[in-house]
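Model, not experiment: these values are computed from the prediction. Just so it is clear: chains get the letters A, B, ... in the order the sequence lines come, proteins before strands, and each one is counted from 1. Hydrogens, waters and symmetry mates play no part in the numbers below; they use all other heavy atoms, side chains included.
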Amino acid sequence: MRPLFDRPAQEVAPLLLGAVLTRVSEEGTVALRITEVEAYSGEGSDPGSHAHRGRTPRNSVMFGPSGHLYTYFTYGMHVCANVVCLPEGRAAGILLRAGEIVQGEDLARIRRGDAVPKRDLARGPARLAVALGIPLSDGGADLLAPPYSLELDPHPPLAAMSARTGVSGPGGSDAYPWRFFLDGDPTVSPYRASAPRKRAGGAEPPR
DNA sequence: CGCACGATTTGCT
DNA sequence: GCAAATCGTGCGA
């Protein structure tokens with residue numbers, strides 16, 4: 001299964017739909033069925049990718065072996081989880097955006113909050129990381145070895161696709177239709193058009 | 001060394 | 001519907 005991830009993220013992404021990702025911790029086990037992902041190439045001109053401007057300390061994991069976990073911290077409070085693609089030396093990743101909890105719902109609810117509706121437990125990238133209990137320090141972990149396991153769906157469901165949500169700026173969201181999701185699944189996050197990039201102190205109004 | 005901003009979520013209006 | 005929360009990263013000086 002490993003070589004599967006040595007391919008471009010946009011090819012691997014739809015195959016992850018329906019797959020079950022499990023994480024075991026001292027607290028217990030939580031497993032989720034992946035329902036929504038986004039691919040980031042990091043090569044060529046993909047302005048949305050963290051690897052777009054080359055290798056940095058933060059994104060170095062993306063340049064490592066495929067099938068590993070790339071985590072990043074954003075907005076001063078959120079952790080997001082990605083699957084690294086392409087062989088060592090080349091960077092690409094798949095952002096896990098949403099999933100349906102299929103095991104350990106009680107533990108997921110403890111982490112996310114009592115009043116959280118079942119469908120919202122892992123609906124959104126940061127929520128997904130919280131539900132599974134993925135800490136920032138898990139970056140670089142092998143997703144095919146404990147405490148993780150990843151089981152692909154032998155009959156991958158039909159994937160719908162659209163522009164990516166979080167990518168803003170020219171050539172950003174519209175450039176690649178690399179958001180893949182299970183159409184009609186209630187755990188898929190509502191599509192939000194990317195916020196227009198703010199023009200700092202802008203003498204120049206955006207057109 | 002300083003500053004602007006983000007692969008988001010949440011809560012209030 | 002809109003803005004705040006909150007801080008590491010990356011770029012410019």
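Sorted by first and then second residue, the salt bridge (charged side-chain N to carboxylate O under 4.0 Å, His left out) pairs involving residues 128-146 of chain A (not counting sequence neighbours) are Arg2(A)-Asp142(A), Arg23(A)-Asp138(A). Counting only residues at least two apart or in different chains, salt bridge (charged side-chain N to carboxylate O under 4.0 Å, His left out) contacts with residues 77-87 of chain A are absent.
Phe180(A) places its CZ atom 19 Å from the P atom of dA7(B), with the value rounded to the nearest Å. Distance CG (Leu121(A)) to P (dT9(B)): 13 Å, rounded to an integer number of Å. Straight-line distance from the CG atom of Leu136(A) to the C1' atom of dA7(B): 14 Å, rounded to whole Å. A straight line from OH of Tyr176(A) to P of dA7(B) spans 15 Å, rounded to a whole angstrom.
Taking a pair as Watson-Crick or G-U wobble with both distances under 3.5 Å, the runs of three or more consecutive pairs in DNA chain C are B:1-6 with C:7-12, B:8-12 with C:1-5.
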Output side-chain donor-acceptor pairs under 3.5 Å for residues 121-130 of chain A, partner residues at least two apart or in another chain, one line each.
{"residue": "Arg123(A)", "atom": "NE", "partner": "Pro186(A)", "partner atom": "O", "Å": "3.4"}
{"residue": "Arg123(A)", "atom": "NE", "partner": "Val188(A)", "partner atom": "O", "Å": "3.1"}
{"residue": "Arg123(A)", "atom": "NH1", "partner": "Asp120(A)", "partner atom": "OD1", "Å": "3.4"}
{"residue": "Arg123(A)", "atom": "NH2", "partner": "Val188(A)", "partner atom": "O", "Å": "3.4"}
{"residue": "Arg127(A)", "atom": "NH1", "partner": "Arg123(A)", "partner atom": "O", "Å": "2.8"}

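Qualifying salt bridge (Lys or Arg N to Asp or Glu O under 4.0 Å) partners for Arg179(A), counting only residues two or more places apart in sequence or in other chains: Glu36(A). Partners of Arg33(A) according to the salt bridge (Lys or Arg N to Asp or Glu O under 4.0 Å) rule, which considers only residues two or more places apart in sequence or in another chain, are Glu100(A), Asp185(A). Residues forming a salt bridge (Lys or Arg N to Asp or Glu O under 4.0 Å) with Glu88(A) (at least two apart in sequence, or on another chain): none. With sequence neighbours excluded, no residue satisfies side-chain contact (heavy atoms from CB on, under 4.5 Å) with Pro147(A). Shown here are the ring-ring contact (aromatic ring centres under 6.0 Å, His included) partners of Tyr72(A), two or more places apart in sequence or in another chain: His50(A), Tyr70(A). A search for salt bridge (Lys or Arg N to Asp or Glu O under 4.0 Å) contacts involving Glu151(A) returns nothing, not counting sequence neighbours.
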Close N or O pairs between protein and nucleotides 10-13 of chain B (under 3.5 Å):
{"residue": "dT10(B)", "atom": "OP1", "partner": "Arg112(A)", "partner atom": "NH1", "Å": "3.2"}
{"residue": "dT10(B)", "atom": "OP2", "partner": "Arg127(A)", "partner atom": "NE", "Å": "2.8"}
{"residue": "dT10(B)", "atom": "OP2", "partner": "Arg127(A)", "partner atom": "NH2", "Å": "2.4"}

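Rounded to whole Å, the C1' atom of dG1(C) lies 23 Å from the corresponding atom of dA7(B).
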Practice item. Produce a footprint string for nucleotides 5-10 of chain C: one letter per nucleotide, 5' end first; B if the base is under 4.0 Å from any protein heavy atom, S if only the sugar-phosphate is, - if neither. Key: BBB-SS

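Note on Arg97(A): a side-chain N or O is less than 4.0 Å away from OP1 or OP2 of dT8(B).
When side chains are defined from C-beta on, Leu32(A) does not count as touching Val20(A), because their heavy atoms never get closer than 4.5 Å.
Side-chain N or O atoms of Ser49(A) include none that pairs as donor or acceptor with a backbone N or O of Asp46(A) at under 3.5 Å.
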